[in-house]
*Asks:* 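Here it is, the structure in full.
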Amino acid sequence: MTELTQNPAIGSAATDDSNAGHPMWSSRLAFILAASGSAVGLGNIWKFPYITGENGGGAFVLVYLLCIALIGIPIMVAEVAIGRRGGRSPINSMRQLAARDGLSKRWVWIGGMGMIASFLILSFYSVIGGWALSYVGNSAGGLFVGASSDSIGALFGNLLSDPYTLLLWHSVFMVLVIMIVARGVSSGMEKAINILMPILFGLLLVMVGYAMSTDSFAAGFQFLFTPDFSKLTTEGVLTALGHAFFTLSLGMGVMMAYGSYLPKNVSIVKTAFTVSILDTAVALLAGLAIFPLVFANGMEAGAGPGLIFQTLPIAFGQMPGGVFFGTLFFILLVVAAVTSAISLLEPVVEWFEEQKGISRRKGALIGGLSIWALGITTILSLNEWSGFHPLGMFERFEGKTIFDLLDYVTANLMMPLGGLFIALFVGWFMSKQAAENELSIGNGFAFKLFMFILRFITPAAVLVVFVYNLM
C-alpha cells in the first residue's frame, strides 16, 4: 500500500478540509509576497527588457498587458484553486481532485509534469543565477570601469568557458536555495520572502531613481509606453503571448504547491490580480531602470539576451557611480533569482514529504542535490560539451546543447501543456460547485465571465503559443 492510501488526508474520501494540519501561509500578504517572489525572477529583469527592446517597445508592452489579463491571471487562479482544494503537492492534489469528482486517474500527470518541469528548470536556472552572483563581485571589484565592449564580452565569454568557476557559483546559489526551503514554509520561505521582496522593490526603485536623473529617462519612458504598432510584428505578438504565460510561473506546479498553503478565507481571484499587478510592475520598472541607461550610453535597446550581462556592464563602467549602481543592480538580479528558485524547489520537496515520508530538511537536501547534479550538464554544455548535441539527428534540434534542450522542452512543451490542461481541468471538469467555492465570486456575471475566458479564450491562446513554438 502506498503512502497515498495510508494517509486519510490524501485519500479519495477526503473532504474540503483535507489540508488540516498542513502548513499555511500566515496571511494573505505572505502568500502575495511568496507568489510574487516566484513570478518576479530573471524573466522580469533579464528577459522582459530585452524582448521589449527587440519588439519595438510600447506596442509590445500593450499587447503583453492584454495577454496577462487573458492568459496569465485565469491560469494562475485555476492553478492556485487546484492547489488549495487539494491541499497537497501538485501530484497528490490532482490525484485527490480527480478521485473526488470521479475523473480519470490520468489527470495526475498534470501535477507530475509540472513537478518535473520545475526540477528541470531549476537545474539551469541556478546556473544563470550563478552568473548574477559572479557579476556582483565583478561590479564591486570595479572590473566594468572604463571597460570596452570587447573586454566586457571577453569577461562574459571567459566565465562561460570556465566550468570550475561556473560550478562554484552554481553551488553557492543552490546552497542558498536549499537552506531557505529546508527551514519550512513559515520559518524558511515566508521569512526569507518577507526580507528579500522589500529589498528587491527597494533596489529596483533606487535604480529607477538613478535612471530618472539621466538625460535619457524621457527617451526610455517614451520607448516603453508610447505604442508604435508599425514596429510590432506577428512574431512580437506571439512573443508577448508566450512571455505573459511564462512570467507568472505557470504550468510547473509552483502555484499549486504555494496554493496548498493558502488559507480558505483568502480570495484567490483578488490575490491573483494583486500578484499579476506586482509582477508586471516589476517588469515595467526594470524597463524604466534599464532603457534610460542604454540610451544614455548610445547603445541598442534590442541587444537581445546579452543586454544584462554584456551591454549594461558597459553602461555601468562609463557612468558616474557605476560601481555602486552596477553592484546594486546585480544584487537585485540575484534576489529575484533566489525568490523564484525557492518556489521551483518547493513542489519537489513537498512531494518528498508526502510520498516518501521523509523530513523537509532531508527532502530539500535530496531534491536540491539532484537538481545541482543535473545543473552540471548545463555548465558543461557551455564549454566542454558545447559540441555535444544529443538530438542533433533531428532537424528541429540540430545544434542544440543539453542546456538548449532543457530550456526548449520546459518552456515550449511542458509549461504550455501544463497550463492548457490546468485551464481545461478547472474550466470543464472540476465540478461547478467546487469552482464556485474556491473562487468565492458567487455564480453571477463575474463567475460566468471568468469561466468563459478559462474555457475558451485562455486554452485557444495557449494552443496558439504552443503550435507557434513547435513551428
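Worth knowing before you read on, the calculation uses all heavy atoms, side chains too, and leaves out hydrogens, waters and symmetry mates.
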*Asks:* Do the side chain of S386 and the main chain of S381 share a donor and acceptor less than 3.5 angstrom apart?
*Replies:*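 Answer holds: no.
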
*Asks:* Exactly one of I152, L293, V323 should register a side-chain contact (heavy atoms from CB on, under 4.5 Å) with F316. Which one does?
*Replies:*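 Testing each of I152, L293, V323 against F316, the sole residue satisfying side-chain contact (heavy atoms from CB on, under 4.5 Å) is L293.
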
*Asks:* In Å, rounded to the nearest 0.5 Å, how long is the span from OG1 of T52 to CG of L284?
*Replies:*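 With rounding to 0.5 Å, OG1 (T52) is 8.0 Å from CG (L284).
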
*Asks:* Hey, mind stepping through E346 and R360 against salt bridge (Lys or Arg N to Asp or Glu O under 4.0 Å) and telling me if it holds?
*Replies:* CA-CA 10 Å; E346 178 57 27; R360 166 167 282 268; 2.8 Å; yes

*Asks:* Would you check if the distance from the ring center of F329 to the ring center of Y135 is below 6.0 Å?
*Replies:* no

*Asks:* Which class fits the ring pair F156 and W131: parallel under 30°, tilted 30 to 60°, perpendicular over 60°?
*Replies:* perpendicular

*Asks:* Any chance CZ of F273 has more than 12 other-residue heavy atoms, nucleotides or ligands included, within less than 6.0 Å?
*Replies:* no

*Asks:* Donor-acceptor pair, distance only, cut-off 3.5 Å: does the side chain of W25 make one with the backbone of Y258?
*Replies:* yes

*Asks:* So, taking the atom named CG in L405 and the one named OG1 in T410, what distance separates them when rounded to the nearest 0.5 Å?
*Replies:*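 Rounded to the nearest 0.5 Å, the CG-OG1 separation comes out at 10.5 Å.
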
*Asks:* Can you tell me how far OH of Y50 sits from CG of N55, rounded to the nearest 0.5 angstrom?
*Replies:*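 Interatomic distance, N55 CG to Y50 OH, rounded to 0.5 Å: 10.5 Å.
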
*Asks:* Is there a donor-acceptor contact under 3.5 Å linking the side chains of N44 and D279?
*Replies:* yes

*Asks:* Counting only heavy atoms not in F221, do more than 12 fall under 6.0 Å of its CZ?
*Replies:* no

*Asks:* Compare every heavy atom of A34 with every heavy atom of I193, then report the nearest pair and how far apart it is.
*Replies:* CG2-N, 3.6 Å

*Asks:* When you measure from the side chain of N383 to the backbone of L160, do you find a donor-acceptor pair of N or O atoms at a distance under 3.5 Å?
*Replies:* yes

*Asks:* Does a sphere of radius 6.0 Å around CE in M319 hold more than 12 heavy atoms from other residues, nucleotides or ligands, not counting ones at 6.0 Å or beyond?
*Replies:* yes

*Asks:* Relative to each other, are the rings of F403 and F124 parallel, tilted or perpendicular (30° and 60° limits)?
*Replies:*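 The rings of F403 and F124 sit tilted, inter-plane angle from 30° to 60°.
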
